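Just so we're clear, the structure is a prediction, and the values are computed from it rather than from any experiment. Letters A, B, ... are given to chains in the order of the sequence lines, protein chains preceding strands, and every chain is numbered from 1. We use all heavy atoms of the structure for the numbers below, so side chains are in, but hydrogens, waters and symmetry mates are not.
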Number of protein chains: 2
Amino acid sequence: MMKQNHISELRLAIIGLISMQPQSGYSLRKFFSTTPMGRFSSSPGAIYPALKRLEEEGWIAGAIDNADSLRPKKVYSLTEEGTRALHLELTKAVTREDIIWNLDGLILRFPFIEQLGLSEVLRFLTQFEEEVSRYIPTLENYLDGVSEEITLCGRLAMQQGIDGYRGMARWARHAIEEISTHRPDPTQGEN
Amino acid sequence: MMKQNHISELRLAIIGLISMQPQSGYSLRKFFSTTPMGRFSSSPGAIYPALKRLEEEGWIAGAIDNADSLRPKKVYSLTEEGTRALHLELTKAVTREDIIWNLDGLILRFPFIEQLGLSEVLRFLTQFEEEVSRYIPTLENYLDGVSEEITLCGRLAMQQGIDGYRGMARWARHAIEEISTHRPDPTQGEN
DNA sequence: CGATACATGTAACCGGTTACATGATTTT
DNA sequence: AAAATCATGTAACCGGTTACATGTATCG
């Protein structure tokens, strides 16, 4: 079935955000509840246990802020091990299984990959575009094969899925272009 | 958070398929594992317990086929209560929460709605199109608001989400058209 | 006779949801 | 003084995943 070869979306979102800037449970909750990234959970009942587990596993380390005050805050940073784990996850090859079972996780990975450099981003997008484009004919063939026996709405629902994948491939191509032509900022030069 | 005002995708898929034709655990597994609808689980460890629960709740009833043979089969049909529950689920209004948290479930509903008649299908599509179209500006406004502080890939990821929703709205409009012009088969006439 | 398809299930594990619990600080 | 926000957690529940367990029937 091959559904779970990856870390959960919540874990990825948490360590990804922490990698950009140290975060407390509360700041994560706030971010999730005020941005469209809230699609990846929220509620304290998910976040605090997840943070605890990540700390137990040594991926993140919490430092108490305002230790003396009456309202202390626990701010987590990535450990070296956590950084390694995150980078490993972000650079994993994009597989058809991901395309089918873990699309949201894939899109979630994307913004965090930027830290690894634009070449990594391009590698990801290229793989993504290729896997998606390769999957579409499979779906089309299936649809062709059953179009006699399927109901009208069944066909339309499948069409929706195919259109969705087509849109993603298009998006990836567009993103590749935008990133490729992204000014290496000639006024600064990089030598 | 409002995530769980609906039955699980697996349950919906199961009772939806049973409503089209009585099914055994095995036939469901087979269907899931050989069609793109397998996105909604599979594995016996999910299906058999789900069937048991649905039977306990009185939504489905199992009849033993080949009772005398050494390889009996349990074929489930919808009860009246199950039919009511399914129809209730299928005719629920499409909300923004669904659009955000339960998109897959919404698309899964779609082919089963056809049994309720094309007017129900059109009602669903109209609501779907409207809710999606209303949600898009919210996302666009958010993106505009943060475009200064967001990273390149963060923006592109958001753009992907918006494009996805736009594609869905387009699909819904297209589906409405296709269904509306769907020949009411003039050779038969309905009076 | 071995492989594949038919057929149904269980048990340990994991992690997300919901709801609850507590209390400090700041704003109105 | 009340309300909102800051801040962190726990506990019961639910259901999906993985892996295991068992046995029959059919086909080559």
Using only side-chain N and O atoms of [X], determine if any of them is under 4.0 Å from OP1 or OP2 of [N].
X: B:R53; N: D:dG16; result: yes
X: A:Y48; N: D:dT8; result: yes
X: A:Y26; N: D:dC6; result: yes
X: A:S8; N: C:dG16; result: yes
X: B:K52; N: C:dT10; result: yes

Rounded to the nearest angstrom, tell me the gap between atom [atom1] in [X] and atom [atom2] in [N].
X: A:L28; N: D:dC6; atom1: CG; atom2: C1'; value: 14 Å
X: A:H6; N: C:dG15; atom1: NE2; atom2: C1'; value: 14 Å
X: A:I7; N: C:dC14; atom1: CD1; atom2: P; value: 16 Å
X: B:F40; N: D:dG15; atom1: CZ; atom2: P; value: 18 Å
X: B:D65; N: C:dC6; atom1: CG; atom2: P; value: 15 Å
X: B:K73; N: D:dA25; atom1: NZ; atom2: P; value: 14 Å
X: A:R29; N: C:dG16; atom1: CZ; atom2: P; value: 15 Å
X: B:Q23; N: C:dT8; atom1: CD; atom2: P; value: 11 Å

Handout entry: Selected nucleotide, minimal atom distance to B:K74 side chain, candidates C:dA19, C:dT8, D:dA7
Key = C:dT8

Handout entry: Closest to side chain of B:A46, choosing from D:dT8, C:dT18, D:dG16
Key = D:dG16

Practice task
Indicate yes or no: does B:E57 engage B:R53 in a salt bridge with an N to O separation below 4.0 Å.
Solution key: no

Problem - Salt-bridge criterion met for B:E140 and B:R166 (N-O under 4.0 Å) - result: yes

Exercise for the section: Hey, which sits more toward the 5' end of DNA chain C by its nearest nucleotide, A:E9 or A:P44? Expected result: A:E9

Problem - 5' priority, DNA chain C, between B:K30 and B:Y76 [closest heavy atom] - result: B:K30

Practice task
Report which part of the nucleic acid B:G45 touches: base, sugar-phosphate, or nothing (heavy-atom distance under 4.0 Å, all strands).
Solution key: base

Practice task
Determine whether more than 12 heavy atoms belonging to other residues, nucleotides or ligands lie under 6.0 Å from atom CD of B:E81.
Solution key: yes

Practice task
Please indicate whether A:K92 has more than 12 foreign heavy atoms, meaning atoms of other residues, nucleotides or ligands, lying under 6.0 Å from its NZ.
Solution key: yes

Exercise for the section: Please say whether the positively charged group of B:R11, taken as NZ for Lys or CZ for Arg, lies over the ring of B:W59, i.e. under 6.0 angstrom from the six-membered ring centre and within 45 degrees of the axis. Expected result: yes

